[in-house]
> 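Here's a structure for you.
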There are 2 protein chains.
Amino acid sequence: MGRPLLPLISVEALTTAALELVDESGDFSFPKLAKKIGVSQSSIYNHVSGRDEILELLRHRIITEEPYPPVDHSEWEGALRVLIRAYRDAFARHPRLAPLLVLQSITDPAVIGLYEDLALALESAGFSGRDVVAAISTIDSFALGAALDLAAPEVVWDPPAEGYPTLKRALGNAGPSEERGGHAFDFGLDVVIGGLRAKLGGQETRA
Amino acid sequence: MGRPLLPLISVEALTTAALELVDESGDFSFPKLAKKIGVSQSSIYNHVSGRDEILELLRHRIITEEPYPPVDHSEWEGALRVLIRAYRDAFARHPRLAPLLVLQSITDPAVIGLYEDLALALESAGFSGRDVVAAISTIDSFALGAALDLAAPEVVWDPPAEGYPTLKRALGNAGPSEERGGHAFDFGLDVVIGGLRAKLGGQETRA
DNA sequence: CGACTAAACGAAAGGCTTTCGTTTTAGTAT
DNA sequence: ATACTAAAACGAAAGCCTTTCGTTTAGTCG
């Protein structure tokens, strides 16, 4: 075929197609991506370096497709709530993407910017030294876990027929899975914020 | 070759070999598994139903290889600390397994038993109704996130050369990655326990 | 006009999981 | 003992996947 008059592939179109595949099927592959755009697999490598770059493009896309409002750093609790919720909502819109990003280094500037805002909020709250990274890790674990929960199979815990009465009762009280995820996130967000506040209370004047 | 006088494969040996491969390379495959045991790929299917079953066997193995001490349900904070730490330590011994288990339903009775203990501890703390599952989810997110952190690339956040001063300063204070992970887990465990205590309204026993 | 780059293509290498049919052995029932 | 069934090995192959390579054609800059 040779080079076409107008490019058939763009990074934008590639990202859009890959995200649609992930939303539909939980994954994407070069054969399916190529078929969706109407080109051959190998042509894709003229625009991106490989699978990992597409994954990082997807991370950028979901974070930036719905920008979070400017954070007010004079109120650290509110700031943290906005940031954590923005992160979680990005994955809530595309739950099946979360498992694919777990192993990747985060390099996208827009996403790094979100972590910069997190670090600022934590410093303004009063954390310093290595506690800042520890707090970021805690928040990150919680947000990522909540995102993974949205992608998890409908039954995360599948106890055997006999025994485990307390867990089964708790699961019975949980309600439908969508509502369960929402409530669990709100609950967990309160726990994390409250726990951070308690940490500050206990060590107010420490350097 | 036909059926051998003594079986060449056992579920135990399969699990051990798969875990070694995961520890060494971050994944396992049927060809590598077969080569390690000295059999052919297809023979493995005479002992397990497929890849997913092996993953669940691995989950069982790492949780049971170092049993946690009996929990004292009269002290919910201590009980939770023991359980969460047991979960995290299991993955700390095999960090690269965590990403592989993210998508799987949990069916193994020993692991379900750990969640039963979690549910008991939370009820004895005073949680009820759907808050029990919400609290389990929060704890699960945190523990899984901490486990994933151990498997993450040495640089989780890789900011561009320009900008992001607060995040970069925080990362500079974090110290070597192994110590960072340990401190972040201790910090996060305090946050989660403290946040749960705050949710209860502070009417429980004082520390 | 010539050289170089960009962007498409097909083919192929080398991975992976799983299925299928075949062969040999073990256990069991008549 | 003889047959029958189940267990456990094998090789081959189907059907996925990512990535590389060489080839072809179109645009661009001297």
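Each chain gets a letter, A, B and so on, in the order the sequences are listed, and its residues count up from 1.
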> Is there a side-chain polar atom (N or O) of B/Ser29 under 4.0 Å from OP1 or OP2 of C/dC16?
yes
> In whole Å, what is the span from the CD1 atom of A/Ile54 to the P atom of D/dT18?
9 Å
> Base, backbone or nothing for each nucleotide of nucleotides 1-7 of chain D, written B, S, -, heavy atoms under 4.0 angstrom, 5' to 3'?
------B
> Of the candidate nucleotides C/dG10, D/dC10, C/dC16, which contains the atom at the shortest distance from the side chain of B/Val39?
D/dC10
> Within residues 4-25 of chain B, which residues have any heavy atom lying less than 4.0 Å from an atom of DNA chain D?
B/Pro4, B/Pro7, B/Leu8, B/Ile9
> Who passes salt bridge (charged side-chain N to carboxylate O under 4.0 Å, His left out) against A/Arg96, sequence neighbours left out?
none
> In this structure, how many angstroms lie between the P atom of C/dC16 and the CG atom of B/Leu33, rounded?
11 Å
> Test of understanding: with side-chain hydrogen bond (donor to acceptor under 3.5 Å, both in side chains), list the residues that count as partners of B/His47, not counting sequence neighbours.
none
> Any side-chain hydrogen bond (donor to acceptor under 3.5 Å, both in side chains) pairs touching residues 132-156 of chain A, not counting sequence neighbours?
A/Tyr115-A/Asp140
> Enumerate the residue pairs fulfilling side-chain hydrogen bond (donor to acceptor under 3.5 Å, both in side chains) with a member in residues 53-63 of chain A, sequence neighbours excluded, ordered by first and then second residue.
A/Glu12-A/Arg61, A/Thr16-A/Arg61, A/Ser49-A/Glu53, A/Glu56-A/Arg59, A/Glu56-A/Gln104, A/His60-A/Asp108
> Quick one: A/Asp27 CG to D/dC17 C1', roughly how many Å, whole number?
10 Å
> Under the side-chain hydrogen bond (donor to acceptor under 3.5 Å, both in side chains) rule, collect the residues that match up with A/Ser40, sequence neighbours excluded.
A/Ser42, A/Ser43
> Can you list everything that forms a ring pair (Phe, Tyr, Trp, His ring centres under 6.0 Å) with A/Phe30? Sequence neighbours excluded, please.
A/Tyr45
> For A/Thr166, give me all partners under side-chain hydrogen bond (donor to acceptor under 3.5 Å, both in side chains), at least two apart in sequence or on another chain.
B/Glu116
> Is there any protein nitrogen or oxygen under 3.5 Å from a nitrogen or oxygen in nucleotides 18-22 of chain C, and what are the pairs?
{"residue": "C/dT18", "atom": "OP2", "partner": "B/Tyr45", "partner atom": "OH", "Å": "2.9"}
{"residue": "C/dT18", "atom": "OP2", "partner": "B/Arg51", "partner atom": "N", "Å": "3.1"}
{"residue": "C/dT18", "atom": "O5'", "partner": "B/Tyr45", "partner atom": "OH", "Å": "3.3"}

> Kindly say whether, by distance alone, the side chain of B/Asn46 makes a donor-acceptor pair under 3.5 Å with the base of D/dA9?
yes
> Taking only residues two or more places apart in sequence, or in another chain, which ones meet A/Tyr68 in a ring pair (Phe, Tyr, Trp, His ring centres under 6.0 Å)?
none
> Partners of A/Phe91 by ring pair (Phe, Tyr, Trp, His ring centres under 6.0 Å), sequence neighbours excluded?
A/Tyr87
> Have B/His94 and B/Glu65 got a donor and an acceptor in their side chains that come within less than 3.5 Å?
yes
> So, OP1 or OP2 of C/dA8: does either fall under 4.0 Å of a side-chain N or O from A/Ser43?
no
> Give a yes/no answer on whether the side chain of A/Lys32 brings an N or O atom under 4.0 Å of OP1 or OP2 in D/dC17.
yes
> Using OP1 and OP2 only, check whether a side-chain N or O of A/His47 sits under 4.0 Å from C/dA8.
yes
> Could you tell me whether A/Arg180 sits above the aromatic face of A/Phe185, with NZ or CZ closer than 6.0 angstrom to the six-membered ring centre and within 45 degrees of the axis?
no
